[in-house]
Amino acid sequence: MKKLWLIYPNQRWVKQDIGTTWNLNPATLCLLAAMVRDIVDVTIVDAQFYDMSKTEFSELLREAKPDFVGISVLTSEYKETLDIAAGIVREICPSATIIAGGVHVTTTVEFILPNPAIDYCVIGEGEYVLRDLIKHFTRGTPLPVVGLAYEEKGRVIIQQRALVDDLSKLPWPAYDLIDFVAYSHSAPRTFNPQSPPDVPYVRMVTTRGCPCGCCFCQVELISGRQVRTRDPEDVVNELLYLKKTYGVRAIIFDDDNLLMGKNNFAEKLFTLMVENDVGMKWIAIAFALFMLNEEMLKLMKASGCIGVNVAIESGNERVLKEVIGKPIKSLDMAKQIIKMIKDYDIYCLANFIIGFPTETWEEIRETISYAEHCGADYIKIFVAVPLYKTRLYYKAMELGALECNEDYPKVDWRYAQIKSDEWTPRDISILRAFEWDRINFSPHKIERVLKMCDATFDEIKGIRKKTRDAMEL
Ligand code: B12
Ligand code: SF4
């Protein structure tokens with residue numbers, strides 16, 4: 001059989017300070033591998049997790065000489081790692097077919113395609129595209145007609161994004177191709193309030209797509225507006241398999257909106273978890289607050305939920321409705337829901353974003369004040385990042401408010417890039433860093449935050465200092 005390498009490049013090849021990066025089980029690569037392992041010999045190479053140097057990576061490559069290399073890049077923040085990895089592969093295996101995929105590729109394909117080292121870009125969900133592409137090369141079947149971008153005889157071809165209609169038909173990730181135990185015992189690299197609730201743990205995405213269309217979010221571009229779900233029974237069977245095989249004790253649900261699935265998906269999932277005695281603690285990294293009610297909370301608690309992260313985004317009704325467009329009915333109701341979550345002894349984190357075009361300094365202040373008093377155990381404040389092709393990006397361009405390369409804004413989560421007559425990007429970056437510190441680490445809160453993050457006072461002190469130091473722009 002021909003050989004396929006599926007790789008995550010090492011983000012440290014570009015930036016040493018990778019506070020936002022986690023030690024993650026490469027579920028995406030395992031899923032892609034499961035789709036093609038019957039037709040090609042697959043190896044997963046996670047240069048990120050094993051902190052491989054470029055030389056180590058090159059040596060492995062020289063030994064293995066794969067015929068196909070698929071490179072995955074999750075966020076546009078690390079776009080250079082794709083170019084570096086593709087360059088190394090092209091140099092060492094000049095005849096290999098190089099395929100790039102992932103969120104970064106899906107959202108900015110026109111900037112990636114000109115790289116001569118990359119043969120094919122996969123736009124959207126790559127399960128069937130990859131399979132058809134490998135079959136094209138190994139069995140002479142036609143090239144896929146959706147989900148691919150490439151150059152042919154000097155002509156650029158960009159097909160429609162690929163979406164998988166029925167997630168329940170997908171196989172389970174090929175966990176056996178990685179050292180699952182190593183991943184499932186390792187926590188995030190730095191302090192994090194969303195640490196796994198226990199180890200060994202697994203991360204899982206059970207739904208794709210979101211209908212909400214918030215102005216800053218690329219999910220519509222990546223997975224579309226229609227929510228598709230896995231079969232809840234299949235999810236539970238996978239959890240039971242992981243429990244039996246690896247002793248998994250906890251789950252992080254990585255869904256954009258775990259509660260959003262049609263036909264009572266979440267309700268069925270949590271009920272089946274209870275009925276089948278899954279017995280794992282779980283947290284969710286993103287949660288549609290506006291879908292939550294007491295019945296659902298009861299089920300969540302019974303099925304092992306210990307923490308959720310709700311996205312409120314703004315403490316000002318105008319910004320929430322007119323600028324962001326998130327369907328939260330009222331900010332008072334959001335506070336009541338947070339209280340309800342905590343009454344069930346589920347910890348609650350809340351996300352906020354500041355620095356939108358047209359947002360006044362007073363409105364920003366209102367968001368900070370709301371965040372402080374909303375009742376959440378921990379709050380995250382982000383600067384508004386004008387991700388490519390989002391409504392936020394177009395609005396900032398229209399207003400001449402982008403203080404960065406208009407054609408392709410740099411992705412940076414610490415430093416704001418949007419300006420207004422009332423505030424500068426610098427004001428927003430500094431306000432974010434200092435208000436995050438003030439609200440979360442005040443003397444009456446710090447003990448709880450330390451417990452939630454499973455961190456020591458000194459560890460947190462270090463992170464706080466680093467965050468302040470980074471503001472010396
Ligand atoms: C899960 C998740 C996380 C998890 C885990 C990520 C991981 N490495 O597994 C955690 C919580 C750690 C995380 C962290 C962050 N994330 Co995140 N995350 C997601 C989320 C919700 C789902 C991703 C996912 O697993 N999808 C399911 C899998 C199957 O899809 P996939 O990985 O995209 O792969 C498919 C295709 O892309 C393609 N594909 C991928 N690779 C390849 C390779 C080949 C060869 C082929 C053929 C195809 C292919 O086929 C796959 C199967 O369909 C997305 C939103 C989304 N809907 O995509 C945001 C998202 C990717 N994250 C985002 C952000 C901003 C972040 C953070 C920077 C947040 C922060 N401020 O800290 C960090 C940075 C992490 C880092 N630097 O590594 C943004 C990225 C925006 C951008 N353009 O950069 C997104 C899009 C969210 C958003 N609302 O905008 N994230
Ligand atoms: S609700 Fe969440 S996933 Fe959906 S568009 Fe808004 S931010 Fe994106």
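Atoms within a ligand are numbered from 1 in the order they appear, just like the ligands themselves. In what follows, every heavy atom counts, from backbone to side chain, and hydrogens, waters and symmetry copies are set aside.
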With the threshold set at under 4.0 angstrom, would you say [X] reaches ligand 1 through any of its heavy atoms?
X: Leu32; value: yes
X: Leu133; value: no
X: Gln194; value: no
X: His104; value: no
X: Gln48; value: no

Would you call [X] and [Y] a salt bridge, taking side-chain N to carboxylate O under 4.0 Å as the test?
X: Glu220; Y: Arg391; value: no
X: Asp38; Y: Arg131; value: yes
X: Glu127; Y: Arg208; value: yes
X: Arg90; Y: Asp83; value: no

Do the ring planes of [X] and [Y] sit parallel (below 30°), tilted (30 to 60°) or perpendicular (above 60°)?
X: Phe216; Y: Phe356; answer: tilted
X: Tyr120; Y: Phe137; answer: perpendicular
X: Tyr50; Y: Tyr183; answer: perpendicular
X: Phe270; Y: Trp282; answer: parallel
X: Trp5; Y: Phe57; answer: tilted

What I want to know is whether [X] and ligand 1 share at least one N or O pair that is separated by under 3.5 angstrom.
X: Gln218; result: yes
X: Ser72; result: yes
X: Asp255; result: no
X: Tyr78; result: no
X: Asp256; result: yes
X: Thr28; result: yes
X: Gly126; result: yes

On a heavy-atom basis, which atom in [X] and which in [Y] lie closest, and how many Å separate them?
X: Pro386; Y: Leu402; value: CG-CD2, 3.5 Å
X: Ser168; Y: Asp231; value: CB-CB, 3.7 Å
X: Tyr388; Y: Thr107; value: CD2-O, 3.3 Å

Suppose I only count heavy atoms of [X] and a 4.0 Å limit; which atoms of ligand 2 are within that range?
X: Gly213; answer: 5 (S)
X: Asn257; answer: 1 (S), 4 (Fe)
X: Phe216; answer: 7 (S)
X: Asp256; answer: 3 (S)
X: Cys210; answer: 1 (S), 3 (S), 4 (Fe), 5 (S)
X: Lys326; answer: 1 (S), 2 (Fe), 6 (Fe), 7 (S)

Could you list the atoms of ligand 1 found under 4.0 angstrom from a heavy atom of [X]?
X: Glu127; result: 52 (C), 53 (O)
X: Val103; result: 33 (O), 37 (O), 58 (O), 61 (C), 83 (N), 86 (C)
X: Ile222; result: 58 (O), 86 (C)
X: Gly124; result: 36 (C), 37 (O), 38 (C), 50 (O)
X: Arg208; result: 29 (C), 53 (O)
X: Val219; result: 57 (N), 89 (N)
X: Phe382; result: 71 (N)
X: Ser223; result: 57 (N)

Ignoring hydrogens and angles, state whether a donor on the side chain of [X] or [Y] is under 3.5 Å from an acceptor on the partner side chain.
X: Asp119; Y: Thr97; result: no
X: Thr358; Y: Arg318; result: yes
X: Gln194; Y: Tyr378; result: no
X: Asn316; Y: Thr367; result: no

Below 4.0 Å, non-hydrogen atoms only: which portion of [X] touches ligand 1? Side chain, backbone, both or neither.
X: Asp254; value: both
X: Val129; value: neither
X: Val205; value: side chain

Tell me: protein heavy atom nearest atom 6 (Fe) of ligand 2, and distance? Cys214 SG, 2.3 Å
Please write down residue, atom name and distance for the protein heavy atom closest to atom 8 (Fe) of ligand 2. Cys217 SG, 2.4 Å
Identify which of [options] has a heavy atom lying nearest to [atom].
atom: atom 47 (C) of ligand 1; options: Leu221, Asn25, Val122; value: Val122
atom: atom 23 (C) of ligand 1; options: Ile252, Leu74, Asn257, Leu387; value: Leu74
atom: atom 10 (C) of ligand 1; options: Arg414, Arg203, Arg161; value: Arg203

Mind checking the CD-CD spacing from Glu317 to Glu322? Nearest 0.5 Å is all I need. 11.0 Å
Does ligand 2 have an atom under 4.0 Å from some heavy atom of Ala311? no
